[in-house]
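In what follows, a structure is listed as structure tokens, so that the remarks can point back to it.
The analysis underlying the following values was restricted to heavy atoms, covering all of them including side chains, and did not include hydrogens, waters or symmetry mates. Note on naming: letters A, B, ... go to the chains in the order of the sequence lines (proteins, then strands), and numbering restarts at 1 for each one.
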Protein chains: 2
Amino acid sequence: MSNPRRKSRQRERIFEIISKDKTHPTAQAVYDILRKEMPTVSLGNVYRNMKILAEEGRIECRNFGDGIERYDAIVGLHYHFVCEQCKSVTDFPMALQSDIIGMAKKISSHTITGHSIQFYGICDKCKQK
Amino acid sequence: MSNPRRKSRQRERIFEIISKDKTHPTAQAVYDILRKEMPTVSLGNVYRNMKILAEEGRIECRNFGDGIERYDAIVGLHYHFVCEQCKSVTDFPMALQSDIIGMAKKISSHTITGHSIQFYGICDKCKQK
DNA sequence: TTACTTGCAAAGATTTTGCATCTGT
DNA sequence: ACAGATGCAAAATCTTTGCAAGTAA
């Protein structure tokens with residue numbers, strides 16, 4: 001049995017960092033930021049807390065193809081753009097394609113509960129170079 | 001400078017396995033199959049060859065959220081279904097959503113060259129249990 | 001006090017790489 | 001013979017875990 005979670009300054013701060021960060025940071029990136037203000041934090045514990053936050057449904061864990069887990073605050077379903085040059089991941093401001101889910105449910109016998117869309121290409125920053 | 005690639009029975013066989021396998025196998029899965037007929041193959045070399053095949057554009061490397069790279073023969077753009085229970089990945093028979101790319105190009109200043117869509121849920125097999 | 005949290009280090013898991021040997025051309 | 005391909009083992013990366021000490025309630 002697990003008791004209700006205790007409040008932890010570290011975990012709350014991790015949640016804040018992920019919420020405010022628009023780059024969908026990796027555990028390492030969160031650790032680098034956190035370490036500046038809490039020099040004794042351990043990377044292992046950042047992983048642990050990010051997993052807990054994901055279990056609690058406060059953040060989401062995603063993977064955009066480079067084999068490294070990234071985290072995203074929950075702000076409703078949205079899509080992503082992945083730059084193939086600098087590997088950055090940003091939100092993509094396209095409206096929810098709800099018709100796609102409907103279409104998918106019609107043509108498949110699997111139970112479909114969600115979907116995700118990614119766009120790939122070269123981001124503005126990389127184009128300038 | 002790199003010379004033209006030599007033919008390698010192992011690499012060709014790996015390509016064949018990935019082409020015929022509908023489960024989008026991981027390197028380990030390909031290795032397990034290959035080892036039965038070529039007992040001396042090394043996992044490291046399977047990784048090496050899959051990377052080469054991907055560089056040559058003969059297969060594609062994908063990641064469906066569990067942190068393990070999976071490989072897919074190139075058979076044109078198509079979408080995928082990921083079972084959240086058994087983690088299997090199967091092709092999803094939905095027609096290409098070309099209007100999505102057009103829409104995406106209109107609303108973003110990034111250069112968009114591709115997209116991918118995944119559906120999530122519970123597959124038929126898992127539902128039977 | 002009790003049980004969750006943390007830091008640290010060790011262990012796991014996946015993937016890459018160095019090197020000597022083998023092999024296709 | 002030459003340069004790519006292979007097997008092996010070691011290393012590199014990313015992530016998880018055990019444990020003793022710390023801390024919120």
Side-chain angles (χ1 to χ4, degrees), chain A residues 1-18 23-56 58-72 82 87-89, chain B residues 1-18 23-56 58-72 87 89:
Chain A
M1 285 296 124
S2 68
N3 282 17
R5 291 223 177 273
R6 197 180 297 170
K7 227 181 242 176
S8 140
R9 182 176 308 159
Q10 186 179 126
R11 186 155 58 239
E12 291 311 308
R13 188 70 189 100
I14 288 173
F15 175 66
E16 241 180 80
I17 289 171
I18 295 173
T23 68
H24 305 76
T26 62
Q28 181 69 53
V30 171
Y31 173 62
D32 289 341
I33 294 169
L34 198 58
R35 191 159 43 158
K36 286 175 192 163
E37 46 194 82
M38 293 181 187
T40 66
V41 289
S42 61
L43 180 56
N45 216 48
V46 171
Y47 273 104
R48 226 171 343 213
N49 277 321
M50 298 192 14
K51 209 174 180 186
I52 290 170
L53 287 169
E55 275 167 23
E56 293 178 342
R58 299 174 66 188
I59 63 175
E60 259 183 328
C61 173
R62 294 167 184 286
N63 193 306
F64 294 99
D66 57 359
I68 304 175
E69 305 293 338
R70 288 166 174 277
Y71 289 84
D72 204 354
V82 181
K87 308 296 179 192
S88 66
V89 177
Chain B
M1 283 300 120
S2 68
N3 281 16
R5 292 223 177 273
R6 198 179 296 170
K7 228 181 241 176
S8 140
R9 182 175 309 158
Q10 185 178 128
R11 185 155 58 239
E12 291 311 308
R13 189 70 188 98
I14 287 173
F15 175 67
E16 241 180 80
I17 289 171
I18 295 172
T23 68
H24 306 77
T26 62
Q28 180 69 54
V30 172
Y31 173 63
D32 289 342
I33 294 169
L34 198 58
R35 192 159 42 158
K36 287 175 192 162
E37 49 194 79
M38 294 182 185
T40 65
V41 289
S42 60
L43 180 57
N45 217 47
V46 172
Y47 273 104
R48 229 173 339 216
N49 276 321
M50 298 193 11
K51 209 174 179 185
I52 290 170
L53 287 168
E55 274 166 23
E56 293 178 344
R58 298 174 67 189
I59 63 175
E60 259 184 328
C61 174
R62 293 167 184 286
N63 192 306
F64 294 100
D66 57 358
I68 304 175
E69 305 293 338
R70 288 165 175 278
Y71 289 84
D72 204 353
K87 308 295 179 193
V89 177

In terms of side-chain heavy atoms of A/Leu43, which of D/dT15, C/dT14, C/dG7 is nearest?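 Nearest listed nucleotide: D/dT15.
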
Of the candidate nucleotides C/dT17, D/dT15, C/dT15, which contains the atom at the shortest distance from the side chain of B/Lys51?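 For B/Lys51, the side-chain atoms sit closest to C/dT17.
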
Before accepting this row, confirm whether a basic side-chain N of the pair [X]/[Y] lies closer than 4.0 Å to the acidic partner's carboxylate O.
{"X": "B/Glu60", "Y": "B/Arg70", "result": "no"}
{"X": "A/Arg58", "Y": "A/Glu12", "result": "yes"}
{"X": "B/Arg62", "Y": "B/Asp72", "result": "yes"}

Whole-Å distance between [N] [atom2] and [X] [atom1]?
{"X": "A/Glu69", "N": "C/dG12", "atom1": "CD", "atom2": "P", "answer": "21 Å"}
{"X": "A/Asp32", "N": "D/dC14", "atom1": "CG", "atom2": "P", "answer": "11 Å"}
{"X": "B/Glu56", "N": "D/dG4", "atom1": "CD", "atom2": "C1'", "answer": "12 Å"}
{"X": "B/Arg13", "N": "D/dT6", "atom1": "CZ", "atom2": "P", "answer": "14 Å"}
{"X": "B/Met50", "N": "D/dA5", "atom1": "CE", "atom2": "P", "answer": "16 Å"}
{"X": "A/Asn45", "N": "D/dA20", "atom1": "CG", "atom2": "P", "answer": "17 Å"}
{"X": "B/Arg11", "N": "D/dG7", "atom1": "CZ", "atom2": "C1'", "answer": "15 Å"}
{"X": "A/Met38", "N": "D/dG22", "atom1": "CE", "atom2": "C1'", "answer": "15 Å"}

Is any side-chain nitrogen or oxygen of [X] closer than 4.0 Å to OP1 or OP2 of [N]?
{"X": "A/Ser42", "N": "C/dC8", "answer": "no"}
{"X": "B/Tyr47", "N": "C/dT16", "answer": "no"}
{"X": "B/Asn49", "N": "D/dA5", "answer": "no"}

If we fit an axis to the first five pairs and another to the last five of the helix from C/dT1-D/dA25 to C/dT25-D/dA1, what angle do they make, to the nearest 10°?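 Overall, the helix from C/dT1-D/dA25 to C/dT25-D/dA1 bends by 30° from one end axis to the other.
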
Under 4.0 Å, counting only non-hydrogen atoms across every strand here, what does A/Gln28 touch: a base, just sugar-phosphate, or nothing? nothing

Taking every non-hydrogen atom, the tightest pair across B/Val89 and B/His24: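 What the structure gives for the nearest pair is O-ND1, 3.0 Å.
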
Looking at every heavy atom in both A/Tyr31 and A/Val41, which two are closest together, and how far apart are they? CE1-O, 3.4 Å

B/Arg6 backbone acceptor or donor facing B/Arg11 side chain under 3.5 Å: yes

How long is the straight-line distance from CG of B/Asn63 back to CD of B/Glu69, given to the nearest 0.5 Å?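 That separation rounds to 4.5 Å.
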
If we only count heavy atoms from C-beta on, is the A/Ile59 to A/Phe15 side-chain gap below 4.5 Å? yes

Looking at side-chain heavy atoms only, is the closest gap between B/Leu34 and B/Val46 below 4.5 Å? yes

Scoring nucleotides 18-25 of chain C by protein non-hydrogen atoms under 4.0 Å (B base, S sugar-phosphate only, - none) yields BB---BBS

